Q: 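I have a structure here, written as structure tokens, and I will follow up with some questions on it.
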Amino acid sequence: MFGIKHYMDVMMLLTYAEHTEPASDNNVIITDTSFSDVPVRLYIPKGQSSTLRRAIMFIHGGGWCLGSATMKPYDQLSKQSSHKLNAVVVSINYRLAPKFHFPIQYDDVYKVVKFFMQEKVLEKYSVDPKRIAVSGDSAGGNLAAAVAQMLLHDPEVKVKFKIEMLIYPVLQALDLSTPSYQDNAFMPLLSRTLMVRFWSEYFTTDRSLFEAMMSNKHIPSQDAHLFKNVNWSSLLPEDLKKNHVHSIPDSQNTMFLKKYPGLLDVRASPLLAEDEKLVGLPLTYVITCMYDVLRDDGVMYVSRLRNAGVQVVHEHYDTFHGILLMTNWPFHFSIADHIVDKYLKWLDNNL
């Protein structure tokens, strides 16, 4: 409001407040390092293992603008994952908007993935190349889904993910008026306005894009055919559609697509991928929350993956976006512990 500092820079104070230094304990060695010039926090179980270890590549959320692998909730989840699963965890600190825009965040994550998947690197950390997962929450779930799609069809990388885990992911920028965007527009932690702000900042600091996205007029009608991949009227169950009426925006403004072609890039919106690009994706675990603007993104992706023959486990909870960040807050949410425990047990049984 006063022009003193960018909005997201002020919001980053929340990230700084949750910062924690790497603190190894009796079970896990934790270090801050870099893979392919991208900062990562690395978690390695202590002690010898009679078999090759599993690995998890974790990508934090924060709307591509906030968050860090060093935040207490993410650090705690990675430490738990490493210890309980005897797994090497690579938590990625990609560069953030508004200083860096799409596709920088995606590129940073993919550089780390390709580096870690090298045979010599896997050997160094005693990782089984057949037991590697990618996981992320919110914008991290977006990046996890995007890199999983890219890796599947990348001939340069022989090692592929065994599992992808998407925790209340954001997956499309075409329709920002789905039933969940409308029903949960004023929910805590992630309102519709804040999510649209995250989307616009991902591409540009140009305020006009934010205003167009708020009115759902950022995609011209000439690209209406793309809405088939995010058509909630056919991809959502009846109980989530309620009385909402599906419609395709009728904007004639092509300016935003010309300036920001990333709006239709599958690396930004994994839900835009054609069906043939989804075939062959790994076993996928998706968490969605009832009171979350992103609920329908996750549910639609579950439907599309299943239609493409991908094995999917879908856990749906009556809670709100960002619940996994609540495990260390002063006021305790027992459902957060429940979700984490179930997530880790499932991963232990399947990875």
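Below, each value reflects all heavy atoms present in this structure, side chains not excepted, and no hydrogens, waters or symmetry copies. Please read these numbers as outputs of a predicted model, since none were measured by experiment.
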Q: Does any part of the side chain of Ser191, heavy atoms only, come nearer than 4.5 Å to the side chain of Phe186, both counted from C-beta?
A: no
Q: If you count heavy atoms of other groups shown closer than 6.0 angstrom to CG of Asn243, is the number above 12?
A: no
Q: What distance do His19 atom NE2 and Thr70 atom OG1 have between them, rounded to the nearest 0.5 Å?
A: 4.5 Å
Q: Please check if the side chain of Lys241 supplies one atom and the backbone of Pro179 the other of a donor-acceptor pair under 3.5 Å.
A: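 Pair absent, no side-chain N/O of Lys241 close to backbone of Pro179.
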Q: If only side-chain N and O atoms count, and only distance matters, is there a donor-acceptor pair under 3.5 Å linking Thr288 with His314?
A: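 Yes - a donor-acceptor pair under 3.5 Å links their side chains.
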Q: Does the side chain of Thr204 reach to within under 4.5 Å of the side chain of Lys259, using non-hydrogen atoms?
A: no
Q: If you round to the nearest 0.5 Å, how far is CD of Glu18 from OG of Ser68?
A: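 Ser68 atom OG to Glu18 atom CD measures 11.0 Å (nearest 0.5 Å).
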Q: Spell out, as yes or no, whether a donor-acceptor pair under 3.5 Å connects the side chain of Asp297 to the backbone of Leu171.
A: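 Answer holds: yes.
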Q: Can you list the residues that meet the side-chain contact (heavy atoms from CB on, under 4.5 Å) rule with Lys228, with sequence neighbours excluded?
A: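 For Lys228, the residues satisfying side-chain contact (heavy atoms from CB on, under 4.5 Å) (neighbours in sequence not counted) are Glu274.
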Q: Keeping Ser78 on the side-chain end and Asp75 on the backbone end, is there a donor-acceptor pair under 3.5 Å?
A: no
Q: Can you tell me how far CD1 of Ile248 sits from CG of Asp223, rounded to the nearest 0.5 angstrom?
A: 11.5 Å
Q: Taking all heavy atoms of Ile30 and all of Ala23, pick out the closest pair and write down the distance.
A: CD1-O, 3.4 Å
Q: For a side-chain hydrogen bond (donor to acceptor under 3.5 Å, both in side chains) check, start with the C-alpha distance between Ser177 and Gln182, then their side-chain angles and the critical distance, and finish with the verdict.
A: CA-CA 6 Å; Ser177 291; Gln182 295 181 56; 5.2 Å; no
Q: Is the closest side-chain heavy-atom distance between Ile92 and Phe35 below 4.5 Å?
A: no
Q: Just to verify, what does Asp341 make a side-chain contact (heavy atoms from CB on, under 4.5 Å) with, not counting sequence neighbours?
A: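 Expected list: Lys84.
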Q: Taking side chain as C-beta onward, heavy atoms only, is His316 less than 4.5 Å from Arg295?
A: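 His316 vs Arg295: side chains touch.
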Q: Side chain of Tyr168, backbone of Gly298: donor and acceptor closer than 3.5 Å?
A: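 No, the answer is negative, given that no donor and acceptor are paired below the 3.5 Å cut-off.
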Q: Kindly say whether Leu52 contributes a backbone atom to a donor-acceptor pair with the side chain of Asp128 at under 3.5 angstrom?
A: no
Q: Go through the steps for Ile163 and Trp346 under the test side-chain contact (heavy atoms from CB on, under 4.5 Å), then give the verdict.
A: CA-CA 11 Å; Ile163 288 172; Trp346 185 89; 3.8 Å; yes
Q: Looking at Thr319 and Cys289, would you say the former's side chain and the latter's main chain have a donor-acceptor pair under 3.5 Å?
A: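 Not confirmed, Thr319 side chain does not pair with Cys289 backbone.
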Q: Pair Ile132, Val127 - check side-chain contact (heavy atoms from CB on, under 4.5 Å), show working.
A: CA-CA 8 Å; Ile132 302 172; Val127 169; 4.0 Å; yes
Q: Going through the checks in order, is the side-chain hydrogen bond (donor to acceptor under 3.5 Å, both in side chains) test met by Ser208 and Asp206?
A: CA-CA 5 Å; Ser208 64; Asp206 181 355; 2.7 Å; yes
Q: Salt bridge or not between Lys120 and Glu123? Use side-chain N to carboxylate O under 4.0 Å.
A: no
Q: Just list the side-chain donor-acceptor pairs under 3.5 Å for residues 138-158, sequence neighbours left out, or say none.
A:
| from | atom 1 | to | atom 2 | distance (Å) |
| --- | --- | --- | --- | --- |
| Ser138 | OG | His321 | NE2 | 2.9 |
| Asn142 | ND2 | Val170 | O | 3.0 |
| Asn142 | ND2 | Ala268 | O | 2.7 |
| Gln149 | NE2 | Pro270 | O | 3.0 |
| Gln149 | NE2 | Tyr301 | OH | 2.9 |
| His153 | NE2 | Lys277 | O | 3.2 |
| Asp154 | OD1 | Glu156 | N | 2.9 |
| Asp154 | OD2 | Tyr110 | OH | 2.7 |
| Glu156 | OE1 | Lys114 | NZ | 2.8 |
| Lys158 | NZ | Pro155 | O | 3.2 |

Q: Crowded around Lys46 NZ? As in, over 12 foreign heavy atoms under 6.0 Å?
A: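 Enclosed: over 12 neighbouring heavy atoms sit under 6.0 Å from NZ of Lys46.
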Q: Can you confirm whether Glu119 is buried at CD, in the sense that more than 12 heavy atoms of other residues, nucleotides or ligands lie under 6.0 Å from that atom?
A: no
Q: Which value, rounded to the nearest 0.5 Å, describes the distance between Asp32 atom CG and Asn93 atom CG?
A: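 Output value for this atom pair is 7.5 Å.
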Q: Could you pull out the closest heavy-atom pair between Phe115 and Gln118, with the gap in Å?
A: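 Taking every non-hydrogen atom into account, O-NE2, 3.0 Å.
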Q: Would Tyr94 and Phe100 show up in the same hydrophobic cluster when neighbours are defined by side-chain heavy atoms closer than 4.5 Å?
A: no
Q: How close do Phe161 and Ala133 get, counting heavy atoms only, and between which atoms?
A: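 Looking at all heavy atoms of both residues, the shortest contact is CD2-C, 4.0 Å.
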Q: Is it true that, when you exclude Asn26 itself, more than 12 heavy atoms of the residues, nucleotides or ligands shown sit nearer than 6.0 Å to its CG?
A: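 No.
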Q: Hey, what do you get for CZ (Arg267) to CD (Gln105), rounding to the nearest 0.5 Å?
A: 11.5 Å
Q: Go through the steps for Met8 and Phe198 under the test side-chain contact (heavy atoms from CB on, under 4.5 Å), then give the verdict.
A: CA-CA 9 Å; Met8 290 303 171; Phe198 282 143; 3.4 Å; yes
Q: What is the distance from atom OG of Ser82 to atom CZ of Phe58, rounded to the nearest 0.5 Å?
A: 13.5 Å
Q: Check whether any side-chain N or O of Arg304 sits under 3.5 Å from a backbone N or O of Leu271 as a donor-acceptor pair, and report yes or no.
A: yes
Q: Kindly assign one of parallel, tilted or perpendicular to the pair Tyr285 and Tyr343, based on the angle between their ring planes and the thresholds 30° and 60°.
A: perpendicular
Q: Hydrophobic clusters here meaning ILVMFWY residues chained together by side-chain heavy-atom distances under 4.5 Å, can you tell me if Leu194 and Leu96 are in one?
A: yes
Q: Same cluster or not: are Ile104 and Leu66 linked, directly or through other Ile, Leu, Val, Met, Phe, Trp or Tyr residues, by side-chain heavy atoms under 4.5 angstrom apart?
A: no
Q: Do Asp175 and Tyr181 get their side chains close enough for a donor-acceptor pair, meaning under 3.5 Å?
A: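 No, no side-chain donor-acceptor pair sits under 3.5 Å.
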Q: Does a side-chain heavy-atom distance below 4.5 Å link Leu236 with Met300?
A: yes
Q: Do Val40 and Thr33 make a side-chain contact, defined as non-hydrogen atoms from C-beta onward lying under 4.5 Å apart?
A: yes
Q: Do Leu42 and Ile29 sit in one hydrophobic cluster, given that two such residues count as connected whenever their side-chain heavy atoms are within less than 4.5 Å of each other, even indirectly?
A: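 Different clusters: Leu42 never reaches Ile29 through Ile, Leu, Val, Met, Phe, Trp or Tyr contacts under 4.5 Å.
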Q: With no hydrogens and no angle check, is any side-chain donor or acceptor of Thr284 less than 3.5 Å from a backbone partner on Pro282?
A: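 Here the side-chain-to-backbone pair exists.
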Q: Mark yes or no for whether Arg54, through its side chain, and Leu351, through its backbone, hold a donor-acceptor pair below 3.5 Å.
A: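 Checked: pair present.
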Q: Do the charged groups of Asp107 and Arg95 touch, with an N to O distance under 4.0 Å?
A: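 A salt bridge is absent here (no side-chain N lies under 4.0 Å from a carboxylate O).
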Q: I'd like to know whether the aromatic ring centres of Tyr43 and His83 sit less than 6.0 Å apart in this structure.
A: no
Q: List the steps and the verdict of side-chain contact (heavy atoms from CB on, under 4.5 Å) for Leu209 and His218.
A: CA-CA 7 Å; Leu209 178 61; His218 54 295; 4.3 Å; yes
Q: Tell me whether Val279 is reachable from Val312 by hopping between hydrophobic residues (I, L, V, M, F, W, Y) whose side-chain heavy atoms are closer than 4.5 Å.
A: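 Each belongs to a different hydrophobic cluster.
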Q: So, does Glu201 use its side chain to make a donor-acceptor pair with the main chain of Trp64 at under 3.5 Å?
A: no
Q: Are side-chain heavy atoms of Phe210 and Met213 found at a separation under 4.5 Å?
A: no
Q: Give the C-alpha distance, both sets of side-chain angles, the deciding distance and a yes or no for side-chain hydrogen bond (donor to acceptor under 3.5 Å, both in side chains) between Thr178 and Ser180.
A: CA-CA 5 Å; Thr178 62; Ser180 61; 3.3 Å; yes
Q: Aromatic contact between Phe203 and Tyr260, with the criterion being ring centroids under 6.0 Å apart: yes or no?
A: no
